[in-house]
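Hydrogens, waters and symmetry mates are skipped; everything else that's a heavy atom, side chains included, is used.
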Amino acid sequence: MAYVQYRDVNKSFGDTEVLHDINLDIEEGEFVVLVGPSGCGKSTTLRLVAGLEDITSGTISIGDTVVNDMAPKDRDIAMVFQNYALYPHMNVYDNMGFGLKLRKMDESEIKERVHEAAGILGIENLLGRKPKELSGGQRQRVALGRAIVRQPKVFLFDEPLSNLDAKLRVQMRREIKKLHATLGTTMIYVTHDQVEAMTMGDRIVVMKDGYVHQFDSPLKVYSEPNDRFVAGFIGSPSMNFIPAEVKSDGDVALSAGDLTFGVPPAMRNQLTGYQHQETILGIRPEDIHYADGKAESSNIFEFTVDVSEPMGNEVYLYFTLNGEGLVGRIGGHKNFSPNQQVRLRFDLEKGHLFNPESGERLQ
């Protein structure tokens with residue numbers, strides 16, 4: 001295994017710049033997930049490591065070796081694609097061992113590696129079958145096995161689960177994480193699915209428009225987002241954003257239309273220098289709580305229910321503030337009806353503040 005390093009990497013297709021000054025240090029044995037909306041450059045970032053695209057400027061290193069001008073076959077990487085890319089006329093055994101045969105490896109070594117990988121993935125009983133005889137999940141395991149037998153320094157995954165149904169995706173997420181724990185090899189994984197990113201990555205690279213917005217652990221990305229984009233992209237339902245004005249006549253408060261939010265001490269420090277200016281209050285749906293008629297606390301307000309979505313152990317409650325649609329995740333088995341009046345408490349201890357122009361989170 002090896003570390004992977006991007007230094008000032010830029011990529012253009014003709015006059016179109018798609019990656020801008022990418023700087024990443026992926027540690028040896030780490031599982032890193034690149035995530036972002038379609039067209040953000042995450043797959044291109046991965047393909048540059050594989051050598052499937054050429055770098056416009058900057059350097060990429062695998063271990064101590066700069067690989068900018070190195071052919072893909074010489075980079076000691078293995079890539080797993082979205083469409084599996086299996087040879088339809090070969091059985092599973094031959095699909096998994098084909099790359100080793102091209103290297104002129106001894107047949108006994110090929111057999112040992114293929115059976116070892118098949119054992120890890122639980123597909124030993126499938127070695128004689130053709131791809132057309134396999135389910136989607138089985139084909140994905142074969143594609144993983146073909147990568148494992150090469151024993152590469154780095155595994156690259158380009159949205160490998162997007163063709164699977166929801167239940168199988170959950171199962172394969174676990175399988176790939178178990179595989180990483182077993183092999184301990186450096187893995188770089190591309191997905192547009194934030195749940196995959198949060199549950200699989202040791203660290204997450206959040207991208208938009210060819211820029212890296214944050215490279216951190218899943219918990220830090222969720223609880224301490226660098227900016228409004230990261231805050232809104234990570235989390236489901238996404239974070240609520242409320243335009244507000246900072247009031248400082250006596251105690252600091254946030255004014256949002258007819259509502260005035262009391263500001264907890266930690267948040268007051270972030271508002272130093274923002275008196276009588278606009279800001280954006282961000283609050284996650286799970287930090288909006290149902291308050292019964294007897295509840296006494298700050299930041300409790302009455303709203304009209306627009307829509308409620310029962311989810312079993314919780315309810316997604318949609319309502320409106322100053323024309324902005326908001327959502328709360330209300331725990332328990334409560335029933336709400338459209339146009340019902342409800343009291344909701346906003347837990348600003350867990351809220352965030354953002355600069356309305358730059359989008360950066362106030363520190």
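A donor-acceptor distance shorter than 3.5 angstrom exists from the side chain of Q140 to the backbone of P160, with no hydrogens or angles considered.
Looking at T59 and N68, their side chains never bring a donor and an acceptor atom within 3.5 Å of each other. When only modelled atom types and interatomic distance are considered, T304 and N339 share no side-chain donor-acceptor pair under 3.5 Å. With no hydrogens or angles considered, no side-chain donor-acceptor pair links D193 and T191 at under 3.5 Å. For the residue pair N163 and N83, no side-chain donor N or O sits within less than 3.5 Å of a side-chain acceptor on the partner. In summary, the side chains of Q214 and D216 do present a donor paired with an acceptor at a separation below 3.5 Å, with no hydrogens or angles considered. Counting only N and O atoms by type, the side chains of D25 and Q5 include a donor and acceptor under 3.5 Å apart. Defined by atom type and a distance below 3.5 Å, a donor-acceptor pair is present between the side-chain atoms of E159 and H192. D227 and H213 form a side-chain donor-acceptor contact under 3.5 Å, judged by distance and modelled atom types alone. D64 and Y3 share a side-chain donor-acceptor pair at under 3.5 Å.
The residues K177 and E175 are annotated as not salt-bridged, no charged nitrogen and carboxylate oxygen being separated by less than 4.0 angstrom. Ion pair E109/R113 flagged as a salt bridge, since at least one NZ, NE, NH1 or NH2 atom sits closer than 4.0 Å to an Asp/Glu carboxylate oxygen. The residues R150 and D76 are annotated as not salt-bridged, no charged nitrogen and carboxylate oxygen being separated by less than 4.0 angstrom. Between R343 and E302, none of the side-chain N atoms (NZ, or NE/NH1/NH2) sits under 4.0 Å from a carboxylate O, so this pair counts as no salt bridge. Ion pairing between R203 and E30 holds under the 4.0 Å rule for side-chain N and carboxylate O. The pair K11-E17 does not meet the salt-bridge criterion, since no charged nitrogen lies less than 4.0 angstrom from a carboxylate oxygen.
In this pair, F346 and F319 present their aromatic rings perpendicular. The plane angle is above 60°, beyond the 30 to 60° band.
Looking at heavy atoms from C-beta onward, T186 lies out of side-chain contact with E27 at the 4.5 angstrom threshold.
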Does the ring pair (Phe, Tyr, Trp, His ring centres under 6.0 Å) test come out yes or no for Y189 and F155, once each step is laid out? CA-CA 8 Å; Y189 187 105; F155 283 99; over 10 Å; no
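Two rings, from F261 and F301, have their centers less than 6.0 Å apart.
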